Amino acid sequence: MGQVEIKRVFQGPLGTGFAALALSFVAANLIWPIWSLVVQNLYLGVIGPTAASLDPGLTRKLTGVVAEGAFFWMVINTWIWMTLVMGNYGKTFITDRQPWAGIWYTLVAWFMGVVAFLVLISLLGIWWKPFSLALMFMPESIEEIHLAIEGWETSNFYALSVIVAQIPLVSLLLKWPFAGKTDSPTDGYGVLAMGIAVTWIVWMAMIVPSWMKLSLGHHEVVSPPFGNWPAFIAFCQAYVIFAIMPVEGAELYPMRFFAKKQPWMGIAGFIIAVAAGFAMPPIVRAIIEPLELVKGPPIDVVVSSLELSVIVFMLAWHHLFDDYPSPKRVPNQAARVLSRIAIWFVGGTIYGVIWIKTYQLIPYGANDLGIGVSPLGILAGQFALLMTLLFLNTFFDKWPLVRKVSTGN
């Protein structure tokens, strides 16, 4: 039977991590402009020259949200479903050799994202005009373009519902009640089904009211959570930090302080995350508001950006740096976990300030390169780097920095 040897360009986790992060940054700067321009041109080919000529400025906004939506559905949602929920089931169906396994699984992810969008959104589009696929893909008037933009923006942030509602089923509940009751991938299917139901409720309850101006006569039917979208996003980012912390290097803390078994441990973790969502944004706002780090975006958007930077740094440290320091290097669990938490918040804050100061220069931030690349902006732009490094680790196994080489019999 053949032996497999792991060959690394850099021997230590820090060297590999920094190299992988640099590779992800370069790749994200190449991938997003290509993705944006390809999706925009495909969409313009679908809606036709007549619709595109109705209002060029409005059409550019529409193609931008379509490019963003394709990224959210085909990359962010599918990574959560396929990696976190399904444990990368089927990645080596064709081959376990990289980069071919990663390419195969990326194509599967894109396909699943398209199918999920068509099924979930078209179902709602039977009764909700902005979600009608005919209107979203073939608007025929300026009024319909406005409705299409509203439909795309609202459906794009289904991804936020997936993050808020489905990730905790894995990170806090650890796939309870399905884990241990059945073999993989059946347990994943159970979590996925439950997650879709919970996500749909969260999306309709919190995302739809944030984007759609619904009224009956002169009476407003809905009001956005927390009063406005930036404040809601600030809550969500702080919530996510503590919702993913237990499985991203904190070794199930802090929820393990309060319970050792499910579902009580997950419930404790959820309460901690919600409390952090309320408590953290005002604290961060009070610290950074006098500093005036950037002009233009509302202060809650800046708060959200800094919180998201901590999330990006936390996930990068887990996936690229292998949760340094390891138990072998720091045997004491308390010291080990506390050192990682310090790394996340200090490193994430430094990265966050750098991002705020430079995102307008970065192609996956707000630099259109003079060729019409859709700007992701101060918040969504960070997901371009985040998803690149997540795909690099989970789909491509850090190839080419880490390679599996057959040594024969």
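As a basis for the values below, the full set of heavy atoms in this structure was taken, side chains included, without hydrogen atoms, waters or symmetry mates. If you're wondering where the values come from, they're calculated on a predicted model, not measured in any experiment.
- Ring-centre distance between Trp264 and Phe270: not below the 6.0 Å cut-off.
- Qualifying salt bridge (Lys or Arg N to Asp or Glu O under 4.0 Å) partners for Arg403, counting only residues two or more places apart in sequence or in other chains: none.
- Taking CE of Met136 as the start and CD of Glu144 as the end, the distance is 13.0 Å to the nearest 0.5 Å.
- Partners of Asp397 by salt bridge (Lys or Arg N to Asp or Glu O under 4.0 Å), not counting sequence neighbours, listed by chain and number: Lys91.
- With sequence neighbours left out, Tyr351 forms a side chain to side chain donor-acceptor pair (under 3.5 Å) with Gln382.
- Taking the six-membered ring where the residue is Trp, Trp203 and Trp200 present tilted rings, their angle falling between 30° and 60°.
- Counting only N and O atoms by type, the side chains of Ser36 and Gln40 include a donor and acceptor under 3.5 Å apart.
- Of the possible polar contacts, none joining the Asn393 side chain to the Leu389 backbone as a donor-acceptor pair under 3.5 Å is found.
- With salt bridges taken as basic N to acidic carboxylate O contacts below 4.0 Å, none links Lys213 and Glu150.
- The pair Asp323-Arg340 fails the salt-bridge criterion, with no side-chain N (NZ, NE, NH1 or NH2) lying under 4.0 Å from an Asp/Glu carboxylate O.
- Annotation: salt bridge (Lys or Arg N to Asp or Glu O under 4.0 Å) contacts of Asp322 (sequence neighbours excluded): Lys398.
- Residue Leu160 holds its CG atom at 10.0 Å from CG of Asn77, rounded to the nearest 0.5 Å.
- Note: Tyr158 and Trp73 have parallel aromatic rings, judged against thresholds of 30 and 60 degrees for the angle between ring planes.
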List the steps and the verdict of side-chain contact (heavy atoms from CB on, under 4.5 Å) for Trp355 and Ile378. CA-CA 8 Å; Trp355 167 255; Ile378 193 172; 3.9 Å; yes
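- A donor atom on one side chain and an acceptor atom on the other are not found under 3.5 Å apart for Trp152 and Glu68.
- The backbone N or O of Ile371 sits nowhere less than 3.5 Å from a side-chain atom of Asp368 that would complete a donor-acceptor pair.
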For a quick test of your reading: what N or O donor-acceptor pairs under 3.5 Å do the side chains of residues 227-250 make, sequence neighbours left out?
residue: Asn228; atom: OD1; partner: Ala231; partner atom: N; Å: 2.9
residue: Tyr239; atom: OH; partner: Val164; partner atom: O; Å: 3.0

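- Checked against the 6.0 Å centroid criterion, the rings of Phe278 and Phe226 qualify as a close aromatic pair.
- Counting heavy-atom neighbours within 6.0 Å of Lys261 NZ, excluding the residue itself, gives a total of 12 or less.
- Contacts of Glu220 classified as salt bridge (Lys or Arg N to Asp or Glu O under 4.0 Å), with partners at least two apart in sequence or in another chain: none.
- By the 30° and 60° cut-offs, the orientation of the rings of Phe71 relative to Trp32 is perpendicular.
- Side-chain contact, Thr78 with Trp110: no donor N or O sits under 3.5 Å from an acceptor N or O.
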